[in-house]
Amino acid sequence: MRCRILVVDLDGTLTLSRHTYELSTEALLALRKARDAGLRVVLATANGLDFALTIARYLGIRDVVAENGCLVYLDGTTYELCSADMSAVDQIVLSTGAVSPSPQNKCRKYDLAYIPLAEDAVERIREAVGPSFVVDSSGYAIHVRPAGVDKGTAVLWLCEKLGVPCFQIASVGDSDVDVGMLKVSWGIAVGNATPAAKSAAKMVVEGPSGIGFKEAVDIILSGGGCTPDDVDSERA
Ligand SMILES: O=C(O)COP(=O)(O)O
Ligand SMILES: [Mg+2]
């Protein structure tokens, strides 16, 4: 097996579908199989850090990328890869009337989450907050954070920190917030992933969400991918 690290998204990738929070049992078994085969598994999610650490505990995962790459918990230490006071931009976002705040926001620091109230919510927020912030959707919530940070920049940071070439990292995701990490590593999109996630990935598996994740793990364990040709050179 060439891959050394598996970075996996949560919602829409370890769940039964992209429209539920219910975890897939196939995905849970695949996660355990990957870890037992010696892969270091990192959970990379748009969710807040406290929430992600709790989920990771029950998934048997030690390392976490949370808030879409703004916070990383590695070997017991939390690293902040974003820095901004988000209170003013939160007011700007809410004044659009296009979203309501996620209950998680009271324990989020840099990447704020919102529930869309209008079809064009993402466009209206982008218009309101301007280019210093990135606005994207996981399919579960709309996210606003300082520009220049995503799960991909967090994976690049992990490669550096752990001394592992990014092509030896496999990542699996389902949505637009996973595009960055799918590009800088050997990216695999699940079968029901968004068009942006599928085009950023090197491989798209057949199965949806948790079933797709199981297929991805089987391919990784059978020795697929994780060669220098498997990453998007200009970002890795
Ligand atoms: O919290 C969300 O919006 C979804 O998070 P995800 O990155 O785990 O899919
Ligand atoms: Mg997801």
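Since the structure is predicted, the reported quantities are computational estimates derived from the model, not experimental observations. When a ligand or atom number is given, it counts from 1 through the structure's own listing order.
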Exercise for review: Inspect the contact between R62 and D75 and indicate whether a charged nitrogen and a carboxylate oxygen are less than 4.0 angstrom apart.
Suggested key: yes

**Study point:** Proximal ligand 1 atoms for L10, defined as those under 4.0 Å from one of its heavy atoms
**Key:** 8 (O)

**Study point:** Donor on one side chain, acceptor on other, S87 and D85, under 3.5 Å
**Key:** yes

Practice item. Would you please say whether a donor-acceptor pair under 3.5 Å links the side chains of S209 and N192? Key: yes

Check your understanding: Taking E215 as the fixed residue, which of V217, I211, D218 is the one that meets the side-chain contact (heavy atoms from CB on, under 4.5 Å) rule?
Key -> I211

Review point. Which bit of A141 gets closer than 4.0 Å to ligand 1, counting heavy atoms only: side chain, backbone, both or neither?
Key: both

**Study point:** Pair S24-E26, side-chain donor/acceptor within less than 3.5 Å
**Key:** yes

Review point. Is the closest N or O pair between A44 and ligand 1 shorter than 3.5 Å?
Key: no

Exercise for review: Look only at interatomic distance and state if K151 has a nitrogen or oxygen under 3.5 Å from any nitrogen or oxygen of ligand 1.
Suggested key: yes

Revision key, fill the gap. Looking at D11, the N/O/S atom that lies nearest to the Mg ion (ligand 2) is called O

Check your understanding: Does H143 have a non-hydrogen atom less than 4.0 Å from ligand 1?
Key -> yes

Study note, to complete from the structure: min-distance N/O/S atom, D174 vs the Mg ion (ligand 2), resolves to OD1

Study note, to complete from the structure: Residue, atom and distance of the protein heavy atom nearest atom 8 (O) of ligand 1 read T45 OG1, 2.7 Å

Study note, to complete from the structure: In D9, the N/O/S atom nearest the Mg ion (ligand 2) carries the name OD2

Practice item. Report, as yes or no, whether the 6.0 Å neighbourhood of atom CD on E123 holds more than 12 heavy atoms from other residues, nucleotides or ligands. Key: yes

Practice item. Among all protein heavy atoms, pick the one closest to atom 4 (C) of ligand 1 and tell me residue, atom and distance. Key: D11 OD2, 3.2 Å

**Study point:** pair M86-F133: side-chain heavy atoms closer than 4.5 Å
**Key:** yes

Point to revise | Side-chain ion pair, D136 and R145, N-O less than 4.0 Å | key: yes

Check your understanding: In the protein, which heavy atom is nearest to atom 6 (P) of ligand 1, and how far is it?
Key -> D9 OD1, 2.9 Å

Exercise for review: State the atoms of ligand 1, each with its element, that fall below the 4.0 Å cut-off from a heavy-atom position in S138.
Suggested key: 2 (C), 3 (O), 4 (C)

